[in-house]
Amino acid sequence: MPLHMTKIAFRSEGPASLRAWLESQAGLGEARITTRYLPKRVEEMAGGSLYWIHTHTIIGRSPLLGFEETGQGRYWVRLAPRLIPVRAIPKRAHQGWRYLEDKDAPPDLGGGEADNLEAMPPAMLGELTRLGLV
């Protein structure tokens with residue numbers, strides 16, 4: 001089972017803007033974000049995903065393609081340029097990234113269920129998730 005990571009969707013206004021940014025990177029073949037340190041468990045992350053957190057809720061995931069040195073003492077986290085909606089679950093904010101075991105990762109959503117959640121304002125989605133209604 002692959003190991004995943006979580007990260008705050010920094011500068012994202014919601015799932016739609018995160019999806020737009022990821023898809024805008026499709027011409028490059030991958031989206032990249034930087035991190036200061038290479039994960040110690042990088043080998044376990046093969047086949048894993050980066051789960052995005054927005055307003056204290058995991059909202060989606062992007063498959064991990066790997067890691068690469070930037071040449072400036074940092075590392076690229078290489079991602080598939082797409083956002084796969086997942087069942088929203090509460091997740092506290094944190095700096096940087098954190099590991100997420102496969103058994104704790106939320107399942108993917110399919111079809112219309114994903115479209116309805118993306119159209120919802122992030123604050124409403126967070127409140128419904130907190131109440132256990134989503």
Taking side chain as C-beta onward, heavy atoms only, is [X] less than 4.5 Å from [Y]?
{"X": "F10", "Y": "L18", "value": "no"}
{"X": "T35", "Y": "W97", "value": "yes"}
{"X": "R87", "Y": "P107", "value": "yes"}
{"X": "T6", "Y": "L50", "value": "no"}
{"X": "Q25", "Y": "E30", "value": "no"}
{"X": "S62", "Y": "Y51", "value": "no"}
{"X": "P2", "Y": "M45", "value": "no"}
{"X": "Y75", "Y": "T34", "value": "no"}

Work out which heavy atom in [X] is nearest to a heavy atom in [Y]; give both atom names and the distance.
{"X": "M5", "Y": "F67", "answer": "SD-CZ, 4.1 Å"}
{"X": "P63", "Y": "R82", "answer": "CG-NH2, 3.5 Å"}
{"X": "P106", "Y": "V86", "answer": "CG-CG2, 3.8 Å"}
{"X": "P81", "Y": "G29", "answer": "CD-O, 3.9 Å"}
{"X": "I8", "Y": "A93", "answer": "CD1-CA, 3.8 Å"}

Does E101 come within less than 4.0 Å of R41, counting only side-chain N to carboxylate O?
->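 Yes.
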In plain terms, say whether R61 and D108 are close enough for a salt bridge, that is, a side-chain N and a carboxylate O under 4.0 Å apart.
->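 A salt bridge is present here (some side-chain N lies under 4.0 Å from a carboxylate O).
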Polar side chain donor-acceptor pair, W21 to S12, under 3.5 angstrom =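 S12 and W21 do not have a side-chain donor-acceptor pair below 3.5 Å.
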Are [X] and [Y] in one and the same hydrophobic cluster, where Ile, Leu, Val, Met, Phe, Trp and Tyr link if side-chain heavy atoms are under 4.5 Å apart?
{"X": "L65", "Y": "L79", "answer": "no"}
{"X": "L22", "Y": "I84", "answer": "no"}
{"X": "V77", "Y": "V42", "answer": "yes"}

Do I53 and K7 pass the side-chain contact (heavy atoms from CB on, under 4.5 Å) test, and can you show the C-alpha distance, the side-chain angles, and the key distance before you say yes or no?
-> CA-CA 6 Å; I53 300 170; K7 180 162 178 27; over 6 Å; no
E68 vs R32, side-chain contact (heavy atoms from CB on, under 4.5 Å): CA-CA, chis, key distance, verdict | CA-CA 10 Å; E68 181 180 326; R32 293 179 175 180; 3.8 Å; yes
Would the number of heavy atoms belonging to other residues, nucleotides or ligands and lying under 6.0 Å from NE2 of H56 be above 12?
->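 12 or below, so no.
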Can you measure from CZ (R74) to CG (L38) and round to the nearest 0.5 angstrom?
->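 Output value for this atom pair is 13.0 Å.
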Looking at CZ of R98 and NZ of K91, how far apart are the two atoms once the value is rounded to the nearest 0.5 Å?
->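 Nearest 0.5 Å value for the CZ-NZ distance: 9.0 Å.
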Just by distance, do the side chain of [X] and the backbone of [Y] share a donor-acceptor pair under 3.5 Å?
{"X": "H4", "Y": "S49", "answer": "yes"}
{"X": "R19", "Y": "L83", "answer": "yes"}
{"X": "T57", "Y": "I59", "answer": "no"}

